[in-house]
Amino acid sequence: MSLNNRPSLVTTIIIRNEADRYLQQNLTLLSKISTEILVVDDCSTDNSIEICRQFQNVKLVKLDRPSFLGDESVIRHKTYHTARTLNPDWILSLDADEIFDEEIIEKIPDLLNHPTIEAWGFRIYDLWSNEKSYREDQLWERHHRYTTRLVKNKSLNFDWNNIPVHAPHFTDTLLQQLKHGYCNTKIFHYGFLYPERTKIILDSWHKHDSKNNFISAEYKESLLDKSPKIKTLNQTKITRPRILIGSPVCHPNRILQEFFNALFQLDTDGLEVDYCFIDDNSDTESSKLLSNLATEHTNFTVIDKNECTCLGKNSDDYENNNLTVKWPVTKTLKVSEMRNYLMKKAASENYDFLFMLDTDLILQKETLKQLIGCEKDIISEVFWTQWYDSQPASPQVWAQDNYSFYWRDPTEKLDSHQITEEADALKNKFRSPGITKVGGLGACTLFSRQILEIPNAYSPLYNISLKGEDRHFCVKMVALGYTLYSDGTYPPYHLYTDNLIDTQGYHQYIQEHRIVPTQSNPQILQEAL
């Protein structure tokens, strides 16, 4: 399909002294897929501009003063909004040293003409040592996830935060408003093949991010590794995004029917999804349901609790008062071991993500793709629970400490009225679509491969008395330098007691979110039941 017969595409790149690197090669490829190429020159002093002028569809914008190293969010903002003035259907954002595999030429028409997808993610490989190998370790694993670089040009309200270095190509506020798709075409990042260029980048990071607010000290230091772990590109098999969905299971059969009915209606188009649930049930009917689902679905695995925990046989059972579940200490320890088992399984079997969720949640169809599209290492979809009629509903995410909803500044003293105001404001933010930084989360969480590689992530910390394995996990992750996030775009329904199945509120939720009820869709669970 010619460029004239498909949706228009403006590709943006920012350059600064790229003439002796990959600029010519990159523009040659981009000219074959782009209606226009918007090149923003960050005060180059070599002949980069002369190279750009060789290409007829390049539109050149020169900056008056250097800004990319140390003021990245400003130039990202300017580049994106300049691209929008060209009125393209789509905008592709790359760095000058990021080059697509040539198969993008054949694939781009299908991406641009997709009827529902508004943002495409790609696997980015950080080349190391030479052009045929890439870095592979816990800090360098972008190729295990999908980074959004191609978005539909829509009139959406968003802006970049003030990020001096390592500013993203697109912001969280934009990404959470788009429907995501995933393309296996590789993007090769050549940026760290040149030691002298690497030193310039590292010096800039130290200068403009001396307190490691945006880039961790460990990540910076890794640029100087003398023997990094690398792999050869021709030995790499690219597959669709692989997601393992799973959890320990201990819920009544009636709740599980509703849970799996909605789970199997998730939008997984373009994804490779497997299921793994740990049977911790005391209800024989619930165990039978899991067993039959495993028989009917080749990608559905059931693990006996005694296979993944030394506490399986002797731990106390839950106390269920038909409203909520009280957890004995040994039960919490057992669930920690089960969650560690799932994370280790997902890592050892090379999944890109683990989606671990409680089995009393009724998910909206878009939830999984939404969380993947947020491009965070740890992110939970917010859901709300009204445990008692006399109390308002509460979210399963929070700000600090043991379920507090305001950010406590040690230098600032707040009175009770101010605390209430801040807590109400944060809860209102949780109720709105969008990504929010949090201090605690759980129960409906997506983990990137980088997190899966952390051993014993859910094991309790001996010097912290907080109850619940999620709290210990969150403290540990923040201590390791990770940020926790929540998303409020597609809140699940918390079916914490089977009495709720017969309520008007539950049926209204099912109807509003187009979830086909179990009784109307016998194909899904007929054999299992």
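Fair warning: this is a prediction, and the values are worked out from it, not measured in the lab.
- Salt bridge annotation for D126-K186: absent, with no cationic side-chain nitrogen under 4.0 angstrom from a carboxylate oxygen.
- If you look at F277 and F260, their ring centroids are closer than 6.0 Å.
- Checked against the 6.0 Å centroid threshold, F259 and H251 do not count as a close aromatic pair.
- The six-membered or imidazole ring of H189 lies away from that of W128, with a centre-to-centre distance of 6.0 Å or more.
- Salt-bridge annotation for E453 and K344: absent, with no side-chain N of the basic residue lying under 4.0 Å from a carboxylate O of the acidic one.
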Can you check side chain to side chain donor-acceptor pair (under 3.5 Å) on N340 and S459, steps first, answer last?
CA-CA 7 Å; N340 283 336; S459 298; 3.0 Å; yes

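- Ion pairing of R135 with D137 is present here, as a side-chain N (NZ or NE/NH1/NH2) and a carboxylate O approach within less than 4.0 Å.
- Using cut-offs of 30° and 60° for the angle between ring planes, the F264 and F300 rings count as perpendicular.
- For H180 and W120, the gap between ring centers reaches or exceeds 6.0 Å.
- A salt bridge links R339 and E469; the closest N-O separation between the charged side-chain nitrogens and carboxylate oxygens is under 4.0 Å.
- Here the two rings, on F447 and F473, have centers that are under 6.0 Å apart.
- Ring-centre distance between H513 and Y493: not below the 6.0 Å cut-off.
- A salt bridge links D352 and R123; the closest N-O separation between the charged side-chain nitrogens and carboxylate oxygens is under 4.0 Å.
- Taking the six-membered ring for Trp and the full ring otherwise, the centers of F383 and F430 sit at least 6.0 Å from each other.
- Aromatic rings of W140 and Y219 (six-membered ring for Trp) have centroids within the 6.0 Å cut-off, being under it.
- With respect to R254 and E258, no salt bridge is recorded, no charged nitrogen being found less than 4.0 Å from a carboxylate O.
- Ion pair D280/K334 flagged as a salt bridge, since at least one NZ, NE, NH1 or NH2 atom sits closer than 4.0 Å to an Asp/Glu carboxylate oxygen.
- Side chains of H507 and Q511: a donor-acceptor N/O pair is absent below 3.5 angstrom, by distance only.
- Below 30°, between 30° and 60°, or above 60°: for Y403 and F405 the angle between ring planes is above 60°, a perpendicular geometry.
- Remark: the Y485 side chain and the D172 side chain contain no N/O donor-acceptor pair separated by less than 3.5 Å.
- We find that K231 and E136 are joined by a salt bridge, their nearest charged nitrogen and carboxylate oxygen being less than 4.0 Å apart.
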